[in-house]
Asks: 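This is the structure, below, for whatever I ask next.
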Amino acid sequence: MQSANYFSHYRGRFAPSPTGPLHAGSLVAALASWLDARAHRGQWLVRIEDVDAPRSVPGADRLILSQLAACGLHADAPHVWQSARTPLYQAALDRLVAGALAYPCGCSRKDIENATTADVPRPRHAELRYPGTCRTGLHGKAARAWRLRTAGAAMRWHDRASGPQEQDVEAVVGDFVLLRADGCFAYQLAVVVDDADQGISHVVRGADLLDNTARQIWLQNCLQLPTPQHLHTPVVLGANGEKLSKQNGAQAIDTSEPLQALNQAAAALGLPAQSGGVEQALPVWTQAWADAWRRPEQQLRAT
Ligand code: GLU
């Protein structure tokens, strides 16, 4: 169900995984999603995406929330934690299984690697393309994971910053995991269920997640959930030219100087530097954002 007009009200979110503190790259996504919500006079929520328990770092959630507060980015509703929402993910999986859209898979990672020839670098949340081995049954193997059927998932969608996008999910990703072999629900399922449950009308996040969007829209279609609008912000590169991420050791933002951290994030979004305080800067940027996005086909300018 593609449904640009389904939502009567703007609701956005920032959805950090608590794998470490906020760094310069994640602050860009946080600021952009906050500004977009404010510019639309909408609501902005924060969801802690700790569905991937093994990767979650104890205390990182509280640290991220305190960093956001120090930057003046306050949510309009109580924060939610994915770890408390497992029954919602299970109910969605049950619906997909009942509709024969999901099936159990007995393949180990090694099995998939052995059946896969291409060895291409993979972006965040990417998986090896699944060759469909268990589509027709487990062939005597024990079930390890559950996968979503992707036959017919040639997706086209529009990104507010990057324009028209397309991905044939079956060809690029294959039937992807919904419930992992270690018992964790997959990011793709959790994010789709939560966005729908929370009434998220607009997803604003880093361009490193662009590659996940086709999978998520397909999953929304399979679950008959509305599809939000998407805007993927420029990825922030470190001095070494590599993407800043917790995985490659990006520094936590310094919340003793929140305006400095925000100015750096604002620059990545093409917004002018501000002096004074956070409380003065945020309304100026909100107005600049609203003016910029009022113009059709406005592109984000990465600096
Ligand atoms: N939790 C995800 C991540 O940090 C982001 C999810 C999203 O914004 O859709 O990779």
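This chain uses plain numbering: 1 for the first residue, then up along the sequence. Ligands are counted one by one from 1 in listed order, and the atoms in each one are counted from 1 as well.
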Asks: Using a 6.0 Å distance limit plus a 45 degree cone around the ring axis, check whether R38 lies over the aromatic ring of W289.
Replies: no

Asks: Hey, are D194 and R47 close enough for a salt bridge, meaning a charged N less than 4.0 Å from a carboxylate O?
Replies: yes

Asks: Please collect all side chain to side chain donor-acceptor pair (under 3.5 Å) contacts where either partner lies in residues 273-286, sequence neighbours excluded, each pair once.
Replies: none

Asks: Which bit of V203 is near ligand 1, meaning a heavy atom under 4.0 Å away: side chain, backbone, both or neither?
Replies: neither

Asks: Closer than 4.0 Å to some heavy atom of R13 - which atoms of ligand 1 meet that?
Replies: 7 (C), 8 (O), 9 (O)

Asks: What class does the angle between the rings of Y103 and Y130 fall in, given that below 30° is parallel, 30 to 60° is tilted and above 60° is perpendicular?
Replies: tilted

Asks: Could you list the residues that satisfy side chain to side chain donor-acceptor pair (under 3.5 Å) with Q165, not counting sequence neighbours?
Replies: none

Asks: Under a 4.0 angstrom heavy-atom cut-off, which atoms of ligand 1 come close to L209?
Replies: 5 (C), 7 (C), 8 (O), 10 (O)

Asks: Do the ring planes of W34 and W44 sit parallel (below 30°), tilted (30 to 60°) or perpendicular (above 60°)?
Replies: perpendicular

Asks: For ligand 1, which atoms sit closer than 4.0 Å to a heavy atom of V191?
Replies: 9 (O)

Asks: Does Q216 come within less than 4.0 Å of ligand 1, judged by its heavy atoms?
Replies: no

Asks: Is it the case that ligand 1 has an N or O less than 3.5 angstrom from some N or O of R205?
Replies: yes

Asks: Is A15 in polar range of ligand 1, meaning some N or O pair under 3.5 Å apart?
Replies: yes

Asks: Counting only heavy atoms, which portion of F14 has something under 4.0 Å from ligand 1: side chain, backbone, both, or neither?
Replies: neither

